[in-house]
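Notes follow once the structure below has been shown.
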Amino acid sequence: MAVHQEVGVIVGETLTGLATMAAVNPVPWARSQMAFTLGFHIILVPLGVSWAFMVLIANYRALRKDDRAALVLAQRWSKYMAITFAVGAVTGTVLSFEFGLLWPRFMGIWGEAFGIPFAFEGLFFFTEAIFVAIYIFGWRRLKPWTHFWTGVPIALAGVFGSVSVVAANAWMNAPSGFTANAQGEIIDVDPLAVIFNDAMPLQAAHMVVAAYLVGGFLIASVYAVGMLRGRVDRYHKLGFTIPFTVAAVATPIQIGVGDTLARWVYDNQPVKFAAIELVPTTSSDVPETLLGHLNEDGTVTGGIPIPGMASWLSDPGTGRSTVIQGLDSVPADTRPTVLEANVVHLAWDVMVGLGSLLLLLAVWYGAVWLFRRRMPAGKWFLRVAACSGVLAVVTMEAGWVLTEVGRQPWIVYNLMKVEAAATGNTGVWITFIAVIVLYLALGVTTIMVLRSMSRRFRRAGGFLDMETPYGPAEKPEPAKAAESEP
Amino acid sequence: MSTAVAAVLLVALATYAVFGGADFGAGFWDLIAGGPERGAAPRGLIERSIGPVWEANHVWLIFIFVVTWSAFPTTYQSITLTMFVPLTIAALGIVLRGASFAFRKSVVTVRVRRVFGGAFALSSVLVPFCFGAIAGGIASGRVPAGGVAGDPVGSWLNPTSLVTGGLAVVLAAYLAAVYLVWDARRAGDTALAGYFRRRAVVSAVVAAIVAVIGFVVLSASAPYVFGRLTSWALPPVVLSVLAGFGALVLLVRDAARGARVLAVVAVACIIFSWGVAQWPYLLPESLTVSAAAAPTGTLIALLVAVGGAVLIVLPGFVLLYVLDQRRLLPEEGVEDPADRAGDTEPG
């Protein structure tokens, strides 16, 4: 009985202790959880957006040139794609929960404007889900060219879906399309002005091209590893060439789009731009500092400054005399903190640095292709290409960190601060830990499932139907190659 | 205009209940299918029939969220602040379900497989319970208007929520059992068809009992909704009872085809009767739909998106359904040894 009571006391004390621990400021935890779940989801986005396009290239080649290897590639890719699409659907569902759970006050006030692009995103996501299913079923059920055309909506819906989501994020950078009354309540909404806000065209273009760039490098890198392990056959070469070519084309375009977007930020979000370029006070002839960091006293130390470069890049018309607004041009509580500014600057360096590396890789590939009509031979190209997938993901994550941290402390630029948007629920740190654990499990699962599929495919040789989301359950049909002739 | 958006929301809720509910229900039968040997056959069928749609049915849930936060933002704020705990459990449960369902197929040993199978099944029960409990909390007026938090615990752990949560679990199980009868029959497995037919009958009876208890509880805790259920919202209630009874008769007589449609009607009508009973309130007796609604521009945009969905998505959905129905010919649906061989490879 005494033991029983003692246990009761211990449990009681533990619960009180937990309750005290639980009563922590939810804002940093909410930010961390949102950052983590979005950072996870964004890795799946390029695959959902651009993979279908590459599948269609392989499928087209298979039908036009009666290419068996391309056919097998398209079939297998479509199955992998279903897995990454399903995982993306799950992590996307969680994000829709989090809008309300973590940012209820943001949604309560701005939902009627911010929420609109998601209605269209839902429409495109729905279309994508249905046609992913039809495409995978269709390998056996539909005539080859009919089947090919059922894949086209997947690629289109992927692009339009990501444009819709980015439109919502761009709205947070350039809020427009609403009228508020004296109490700050929204009384009128113009949906088109919300969706086509000022930041949307460039931000959307930057994300869509990023999806093709990252998706291409990521998929190609898998086949580069395969070839390095000695699996140099037509199947692997094709599996490398198609996505790598897509990525190599996307890379220079992305650098052009990114450069234009940076100038948009210079014009419209000068404080974010000041954080990017580490400009403490408004000045002209600002150097482009590679690495380095901002100190609390407003000085910049370390790094390699390239004199006048930041000014020149901001507006080549006025060159080095271009004035860049400094961080101190606005009150301290309306600009990123020193830590945040350093994060933004580092993210910028990583994005631009790795982006340039990927450009060199693309140029290498393009030059050899142009002059020799083949992909670069040799282990070193493959080794670098094998790393390109991870590098591209890091580049994209850096870009996303830049745009999000650079907007701080605002959730709606110049209108609502993150602090004012967050939930008051003090238990967010618990959900954050739970989310980390579950997402790690989800990440490991996804990779394991993809790898075990790959092993089964390799063992079975040709096309093999197996249990995948959306996939039909049936026996493999060896006669498929003959069937697919137009 | 706000009425139209509320109607769309109700239809989406019913659709999620009917499609997503069946996914969760399949997890319930997985949970109680017994040991590895005894439960192998039903689990195999569940795995096969859930495979094609996996987690795509959450599209409906996302759609429900989008409509709520765009059209009724302050209410969405109230609900998410008040229902923080059950919504979090539901979100984590959905991730756990997705991860463990996929995981258990790719792991090797029976023991690890059981752990992930258990996680899959358990979260399949938790998630519908949470959604049902939230609905009960809203119906009994426990979510305050005006974007403020209600009782973080009592709002979803109360007699009404317990009953509605339980009802959601039972209805999900019922729908899944009815669908699985059909799937087993399509696969030519009469023994499994009988297995799930018995479970469908039992869960139908349990659902009826829980629904009656729900009525009693509602009469005390949610007088407004109860009053409307017995008057203005009576037609969908009666339709639900009739359809449910019809489905039961067909199930007992072993004629599953009609049973499937009737079961869907019965469950959808329960959702409809809830919505109609609340009318004109979004949060009973404190906030009406029209007062909660966003500006007209937002509502028009939502209805345009819905119109687009009807034009673009519906034909695709019909095509998919037609293809799906032709999926399992009698000689197909056999597990391929080459496919399974990959499983024995250490992972």
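Everything numeric here is computed off the predicted structure, so don't read it as measured data. Letters A, B, ... are given to chains in the order of the sequence lines, protein chains preceding strands, and every chain is numbered from 1.
- Heavy atoms closer than 4.5 Å to chain A are found in the side chain of B:I312, but not in its backbone.
- At a 4.5 Å heavy-atom cutoff, the contact between B:A309 and chain A is made by backbone and side-chain atoms alike.
- Side-chain contact between B:F120 and B:L96 is absent, with no heavy atoms from C-beta onward closer than 4.5 Å.
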Evaluation steps, side chain to side chain contact (heavy atoms under 4.5 Å, CB included), between B:S123 and B:I94: CA-CA 7 Å; B:S123 43; B:I94 285 172; over 6 Å; no

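- Two residues are said to be in side-chain contact when any heavy atoms from C-beta on lie closer than 4.5 Å; A:W103 and A:T423 fail this criterion.
- Per-residue heavy-atom pair counts under 4.5 Å with chain B were compared for A:W110, A:F120, A:Y439, and the maximum is reached by A:F120.
- Residues A:F124 and A:S164 are in side-chain contact: their nearest non-hydrogen atoms beyond the backbone lie under 4.5 Å apart.
- Between chain A and the residues B:A71, B:P152, B:P73, the most heavy-atom pairs under 4.5 angstrom are made by B:P73.
- With hydrogens and angles left out, the side-chain atoms of A:S176 and A:W171 include no donor and acceptor closer than 3.5 Å.
- Side-chain contact check for A:S454 versus A:Y80: some heavy-atom pair is nearer than 4.5 Å.
- Among the candidates A:D190, A:V94, A:L192, A:D188, the residue making the largest number of heavy-atom pairs closer than 4.5 Å to chain B is A:D188.
- Proximity to chain B (any heavy atom under 4.5 Å) is shown, for A:L442, by both the backbone and the side chain.
- Atom CD of A:E121 sits about 9.0 Å away from atom CD of A:E128, to the nearest 0.5 Å.
- Annotation: maximal heavy-atom pairing with chain A below 4.5 Å, among B:L299, B:V95, B:T74, occurs at B:V95.
- Heavy-atom pairs under 4.5 Å with chain A were tallied for B:A294, B:A301, B:A91; the largest tally goes to B:A91.
- One side chain, A:T91 or A:H41, offers a donor N or O that lies under 3.5 Å from an acceptor on the other.
- Proximity to chain A (any heavy atom under 4.5 Å) is shown, for B:F63, by neither the backbone nor the side chain.
- With respect to chain A, the highest number of heavy-atom pairs below 4.5 Å among B:L61, B:V304, B:V66 belongs to B:V66.
- At a 4.5 Å heavy-atom cutoff, B:T296 makes no contact with chain A through either its backbone or its side chain.
- Of the listed residues A:F99, A:F131, A:F178, the one with more heavy-atom pairs under 4.5 angstrom with chain B than any other is A:F99.
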